[in-house]
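To start, the structure under review is shown below, and the notes come after it.
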Protein chains: 2
Amino acid sequence: MNKRVQHSPLDVFDRKILAILQRDNMTPQRTIGDAVNLSAPAVQRRIKRMREEGVIRADVSVVAPEAVGQSITIFVEVEVISETADQIERAKTEFAAAPEIQQCYYVTGEADFILVIVVPSMADYEALTRRLFFGNNNVKRFRTFVAMDRVKVGLGVPLE
Amino acid sequence: MNKRVQHSPLDVFDRKILAILQRDNMTPQRTIGDAVNLSAPAVQRRIKRMREEGVIRADVSVVAPEAVGQSITIFVEVEVISETADQIERAKTEFAAAPEIQQCYYVTGEADFILVIVVPSMADYEALTRRLFFGNNNVKRFRTFVAMDRVKVGLGVPLE
DNA sequence: GGCTCCCACGAAACAAAATTGCAAGCCGAC
DNA sequence: GTCGGCTTGCAATTTTGTTTCGTGGGAGCC
């Protein structure tokens, strides 16, 4: 269901390039080349390959939520009643479709789903719970955590 | 302590531009201009302003964790013993410094911190808990959730 | 060893995109 | 009305990304 693309093994150059790109993907290829001791075209070819292979999933700007009026970040642990394959699939689809849901993970443990939600106000969150949880009769219960501080927020993965 | 930059109010153009950029920041300005009915330089100036004002926090490549051998995503709820200001500050600093910790939020509710962690293997996670939690005598307890599926992962905020 | 084939590389040429300079249009203040 | 600040579009310039081409090193095979 997801993009399953062949990943040819990454060498040291690739990793160094990734380390730079996941911090700032606007870095000129020439600069990257200098940093990793490679020519700009070589860097360009590697980046292109990694994009095609799905090693680089996307290239995005990170927007400050509070700057656009989405000032509240909320965590939710969701526990479902029935964990049949298609019930789970349905839930995944529904969660993935909601724009307020930034992240959704299907997890083991005391909860089934963990959601990261971004909304303008508590009232909006309340409305969302009504729609998403109370309106879904497969949701057994959910626990809410409100973020007071987004201490560290990123998608960077440790490299080397 | 963090970036406190003045956010001048965003108009419809800005929001449309942001909506595009947070999906794909490699979109040519010309294309963006066409989409929002503005010239490329106008788009460029707005983007520059939003970068300077901190509305756009960063521009990054999103790397597929499994492609670089970081195949396990883990959630942790951390509860601390003492919640004095400097104990909390110390914890924030420590969590923010760990490269395996992708995200760290300070939250209300039954937990104090919620962490999103990315590691190559369970053994690595075990080692990390030893260092981070058992090695920190202010950690009362922590609950672990292992992600079976990263259903939706992004930092995009709802716009429009 | 000597051979070819195959990649990945760097240098340079090239294309495309971003950036800058500038003149004009659009308010709001006086 | 007119001044001044702000934003725009267009055109020129500069920077950046991309393609082309020729070279060199390594793997496999005579």
Side-chain angles (χ1 to χ4, degrees), chain A residues 3-64 66-69 155-157 159-160, chain B residues 3-64 67-69 155-156 159-160:
Chain A
K3 63 274 303 267
R4 186 79 7 117
V5 195
Q6 43 159 5
H7 302 153
S8 51
L10 304 175
D11 62 16
V12 186
F13 288 124
D14 291 326
R15 289 179 173 266
K16 282 187 183 173
I17 292 170
L18 285 178
I20 294 172
L21 289 184
Q22 78 172 345
R23 225 170 38 79
D24 177 12
N25 75 349
M26 310 273 277
T27 312
Q29 296 176 347
R30 287 165 170 80
T31 307
I32 300 175
D34 289 348
V36 304
N37 280 325
L38 230 50
S39 72
V43 172
Q44 130 83 2
R45 281 186 281 260
R46 284 166 180 271
I47 294 176
K48 185 184 179 194
R49 175 175 52 79
M50 290 193 285
R51 277 198 229 284
E52 289 169 352
E53 290 176 349
V55 176
I56 296 175
R57 276 278 170 70
D59 291 272
V60 302
S61 293
V62 180
V63 175
E66 68 276 14
V68 291
L155 297 177
V157 299
L159 289 167
E160 88 259 16
Chain B
K3 59 288 126 177
R4 182 84 357 125
V5 195
Q6 44 158 5
H7 302 152
S8 49
L10 304 176
D11 62 18
V12 187
F13 288 123
D14 291 327
R15 288 178 174 269
K16 283 187 182 171
I17 293 171
L18 285 178
I20 295 172
L21 288 184
Q22 76 173 345
R23 228 172 33 80
D24 177 12
N25 75 350
M26 310 274 275
T27 312
Q29 296 176 347
R30 173 56 199 268
T31 307
I32 300 175
D34 288 348
V36 304
N37 279 326
L38 230 50
S39 72
V43 171
Q44 128 80 6
R45 282 184 271 261
R46 283 166 181 271
I47 295 176
K48 183 185 179 196
R49 174 175 53 79
M50 291 192 286
R51 278 198 230 284
E52 289 168 352
E53 289 176 350
V55 175
I56 297 175
R57 275 281 174 68
D59 292 271
V60 302
S61 293
V62 180
V63 175
V68 292
L155 298 176
L159 287 168
E160 87 267 1

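Quick caveat, the model's predicted, so the values are computed rather than measured. In what follows, chains are A, B, ... by sequence order, proteins preceding strands, each numbered from 1.
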Would you give a per-nucleotide map of nucleotides 18-29 of chain C, 5' to 3', where B means the base has a protein non-hydrogen atom under 4.0 Å away, S means only the sugar-phosphate does, and - means neither?
SBBB--------
Distance check, rounded to the nearest 0.5 Å: B/Ile56 atom CD1 versus B/Lys48 atom NZ?
13.0 Å
Rounded to whole angstrom units, what separation is found between the CD1 atom of A/Ile47 and the C1' atom of C/dA8?
16 Å
Side-chain atoms of residues 16-25 of chain B: list all donor-acceptor pairs with protein atoms under 3.5 Å, sequence neighbours left out, distances to 0.1 Å.
| from | atom 1 | to | atom 2 | distance (Å) |
| --- | --- | --- | --- | --- |
| B/Gln22 | OE1 | B/Val157 | N | 3.0 |
| B/Gln22 | NE2 | B/Val157 | O | 2.7 |
| B/Asp24 | OD1 | B/Met26 | N | 2.9 |
| B/Asn25 | OD1 | A/Asn25 | ND2 | 3.1 |
| B/Asn25 | ND2 | A/Asn25 | OD1 | 3.1 |
| B/Asn25 | ND2 | A/Val60 | O | 3.3 |
| B/Asn25 | ND2 | B/Asp59 | OD1 | 3.0 |

Measure from CD1 on A/Ile17 to C1' on C/dA8 and round the result to the nearest Å.
13 Å
Could you tell me how far apart B/Asp34 (CG) and C/dA16 (P) are, to the nearest whole angstrom?
16 Å
Smallest heavy-atom separation, A/Asp14 atom then A/Asp11 atom, equals N-OD1, 2.9 Å
Could you check how far CG of A/Leu38 sits from P of C/dA11, rounded to whole Å?
11 Å
Could you tell me how far apart B/Met50 (CE) and D/dT7 (C1') are, to the nearest whole angstrom?
14 Å
Any salt bridge (Lys or Arg N to Asp or Glu O under 4.0 Å) pairs touching residues 30-39 of chain B, not counting sequence neighbours?
B/Arg30-B/Asp34
For C/dA8, does either OP1 or OP2 sit under 4.0 Å from a side-chain N or O belonging to A/Arg46?
no
Give the intermediate values and the outcome of salt bridge (charged side-chain N to carboxylate O under 4.0 Å, His left out) for residues B/Arg45 and B/Glu52.
CA-CA 11 Å; B/Arg45 282 184 271 261; B/Glu52 289 168 352; over 6 Å; no
Rounded to whole Å, please give me the gap between CG in B/Asp24 and C1' in C/dA17.
14 Å
Within this structure, what is the CG-CD distance for the pair A/Leu38 and A/Gln44, rounded to the nearest 0.5 Å?
12.0 Å
Taking CZ from A/Phe13 and C1' from C/dG10, how many angstroms apart are they, rounded to a whole number?
13 Å
Measure CG/B/Asn25 against C1'/D/dG17 and give the value in whole Å, please.
15 Å
